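Below is one structure, written out as structure tokens, with a few remarks after it.
Please read these numbers as outputs of a predicted model, since none were measured by experiment. Numbers here simply count residues along the sequence, with the first being 1.
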Amino acid sequence: MKPAAFEYHRPDSVAEATTLLADLGHDAELLAGNQSLGIIMANRLATPDHLVDLNRVEELSGYEIRDDEIDVGAMTTHRDLEFADDLRDVMPMLPEAAEQIAGPSVRNRGTLGGSIAEADPAGNYPAALVALDADLRVESTDDERTVAAREFFIAYMFTDLGPEEIITGVTVDREPFPVERTGMAFEELKRAAQTFPTVSAGTAVRVDDPDADEPVIEEARIALANVADVPLHVPDAEDAVEGTTLGEDALDEAAEAAIEAADPSPEMHADEEWKVELAGEYTRRSLRTAHTRAIND
Ligand SMILES: Cc1cc2nc3c(=O)[nH]c(=O)nc-3n(C[C@H](O)[C@H](O)[C@H](O)COP(=O)(O)OP(=O)(O)OC[C@H]3O[C@@H](n4cnc5c(N)ncnc54)[C@H](O)[C@@H]3O)c2cc1C
């Protein structure tokens, strides 16, 4: 099937794009990498009268690494993040989440903002951003606001974003993640290439002293994808490992906390029971990886 007819708009700035959204209201849809919207429109599950293409809005692309935070624009592609070596040095969870999305063709075009707006509970960035406690920047003609990723994802593919708002970017505070004492991991189980993961886990671990005989975890961050209707932050798993040297008891307790918190929907290739089990297993694995990296990298 082909998409229904629509009118195409190509703004050059955020101001122009938000004005278009304000004027066109519910009849308009933003277009970013077109990796999800194209499929939805081709199947006529969405039939917007107007498409507002963000691809010429240069101010939305790219990232900046500041002393205290990193800032990534909404139109930054998965590929840009995958190959961002300087970003990998300071906030490795984002490039590691990006490089595991689909295949090269999707990563070449798909964007951070599109993925956040789509709010698929299996999406890589939503889980990573919840784990990192990122802030999302959102703009309309009459307002600019910041919303915590942990509050943005409300229900299955339903977010805090208003119809006249654009996600302009993401900010992550660097203070909790000093490079020399922090390890991060984004680990996923993928049934096949070019599919969303069955389960994935974004984890960060900061230790007190990486050179100590038994470094103690000062802070842990864990969020899981595709085991609930929204990316799932698991504070009880974090509590289970903080103040420990990540022995087997702490790992068991963290895995149990993830199992308790998980409330997944069954899929064709993964029933609910298995996904709950995987929530525990990927919590355990990603914690181990992040901890090892905090000590050795
Ligand atoms: C085969 C395949 C496999 C995939 N596998 C994965 C995977 O493993 N992990 C994963 O995370 N993702 C996966 N994806 C999704 C992929 O990451 C998409 O690129 C992404 O979800 C949508 O981004 P986009 O830039 O293409 O957005 P588009 O498709 O252009 O838009 C998607 C939605 O977001 C809205 N939107 C876009 N930008 C903004 C903005 N700045 N502000 C507000 N609203 C906006 C649009 O209006 C639209 O409703 C897969 C996609 C495909 C086709």
Side-chain angles (χ1 to χ4, degrees), residues 1 33-46 77-79 81-82 93-112 114-131 149 153-159 184-203 222-234 236-237 251-252 254-290:
M1 217 187 295
N34 200 28
Q35 297 306 298
S36 299
L37 188 60
I39 299 168
I40 294 166
M41 286 180 62
N43 286 293
R44 304 218 171 173
L45 297 169
T77 62
H78 309 330
R79 181 185 163 84
L81 286 178
E82 176 184 3
M93 197 190 300
L94 289 178
E96 202 169 329
E99 75 193 6
Q100 294 177 77
I101 294 173
S105 61
V106 172
R107 294 201 294 275
N108 278 341
R109 299 292 310 167
T111 66
L112 176 73
S115 171
I116 296 169
E118 188 181 21
D120 193 309
N124 295 26
Y125 297 131
L129 296 171
V130 166
F153 303 101
I154 295 171
Y156 182 75
M157 290 185 151
F158 183 69
T159 72
M184 293 184 181
F186 194 88
E187 301 214 338
E188 60 178 44
L189 175 71
K190 218 188 248 289
R191 181 174 51 80
Q194 295 280 1
T195 59
F196 277 87
T198 306
V199 164
S200 56
T203 298
I222 306 171
L224 302 170
N226 211 18
V227 297
D229 281 355
V230 291
L232 187 67
H233 178 215
V234 197
D236 287 346
L251 278 170
D252 285 348
E256 197 49 47
I259 286 168
E260 280 292 315
D263 184 16
S265 302
E267 296 170 37
M268 190 193 296
H269 300 285
D271 64 19
E272 198 177 323
E273 199 182 334
W274 189 46
K275 285 174 80 172
V276 168
E277 201 180 310
L278 288 171
E281 178 57 25
Y282 275 76
T283 295
R284 186 189 295 274
R285 283 187 197 192
S286 63
L287 273 168
R288 269 212 190 96
T289 306

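Annotation: side chain to side chain donor-acceptor pair (under 3.5 Å) contacts of Asn108 (sequence neighbours excluded): none. In this structure, the side chain to side chain donor-acceptor pair (under 3.5 Å) partners of Ser286, at least two apart in sequence or on a different chain, are Thr203. The salt bridge (Lys or Arg N to Asp or Glu O under 4.0 Å) test applied to Arg79 returns no partner, not counting sequence neighbours. Residues forming a side-chain contact (heavy atoms from CB on, under 4.5 Å) with Ala119 (at least two apart in sequence, or on another chain): Phe153, Thr159.
For the atom pair CG of Leu251 and CZ of Arg285, the computed distance is 12.5 Å after rounding to the nearest 0.5 Å. A distance of 11.5 Å separates CD1 of Ile222 from CZ of Arg284, quoted to the nearest 0.5 Å. Atom CD of Gln35 sits about 10.5 Å away from atom CG of Leu37, to the nearest 0.5 Å. Atom CH2 of Trp274 is separated from atom CD of Glu281 by 11.0 Å, given to the nearest 0.5 angstrom. Interatomic distance, Thr283 OG1 to Asp236 CG, rounded to the nearest 0.5 Å: 11.5 Å. The structure places CD1 of Ile259 at 9.5 Å from CG of Asp252, a figure rounded to the nearest 0.5 Å.
Within the structure, side chain to side chain donor-acceptor pair (under 3.5 Å) pairs that include any residue of residues 117-127 comprise Ser36-Glu118, His78-Tyr125, Asn124-Glu188 (at least two apart or interchain).
Counting heavy atoms from C-beta on, the side chains of Thr198 and Lys275 come closer than 4.5 Å. With a 4.5 Å cut-off on side-chain heavy atoms, Tyr282 and Ser200 do not count as touching. Asp263 is not listed as a side-chain neighbour of Val227, based on a closest heavy-atom distance of 4.5 Å or more.
The number of heavy atoms from other shown groups lying within 6.0 Å of CD (Gln194) is above 12.
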Please table the atom pairs, donor to acceptor, closer than 3.5 Å between any side-chain atom in residues 93-100 and protein atoms at least two apart or in another chain.
residue	atom	partner	partner atom	Å
Glu96	OE1	Arg293	NH1	2.9
Glu96	OE2	Phe186	N	3.4
Glu96	OE2	Arg293	NH1	3.4
Glu99	OE1	Arg88	NH1	3.3
Glu99	OE1	Arg88	NH2	2.8
Gln100	NE2	Glu96	O	2.9
Gln100	NE2	Phe186	O	2.8

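Nearest approach of Pro126 to Ser115, heavy atoms of both residues: CD-OG, 3.8 Å. Taking every heavy atom of both residues into account, Thr111 and Gly33 meet most closely at CG2-N, 3.9 Å. Of all non-hydrogen atoms in Ala225 and Ala127, the two that sit nearest each other are CB-CB, 3.8 Å. Nearest approach of Leu224 to Ala201, heavy atoms of both residues: CD2-CB, 3.5 Å. For Ala262 against Ala279, the heavy-atom pair with the smallest separation is CB-CB, 3.9 Å. Closest of all the heavy-atom pairs between Pro121 and Asp229 is CB-O, 3.5 Å.
At least one donor-acceptor pair closer than 3.5 Å links the side chain of Arg107 to the backbone N or O of Ile101.
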What's the verdict on side chain to side chain donor-acceptor pair (under 3.5 Å) for Glu272 and Ser265, showing C-alpha distance, side-chain angles and the deciding distance?
CA-CA 6 Å; Glu272 198 177 323; Ser265 302; over 6 Å; no
I would like to know whether Lys190 and Thr195 meet side-chain contact (heavy atoms from CB on, under 4.5 Å); could you show each step before the answer?
CA-CA 7 Å; Lys190 218 188 248 289; Thr195 59; 3.7 Å; yes
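Side-chain polar atoms of Thr289 and Glu187 form a donor-acceptor pair below 3.5 angstrom.
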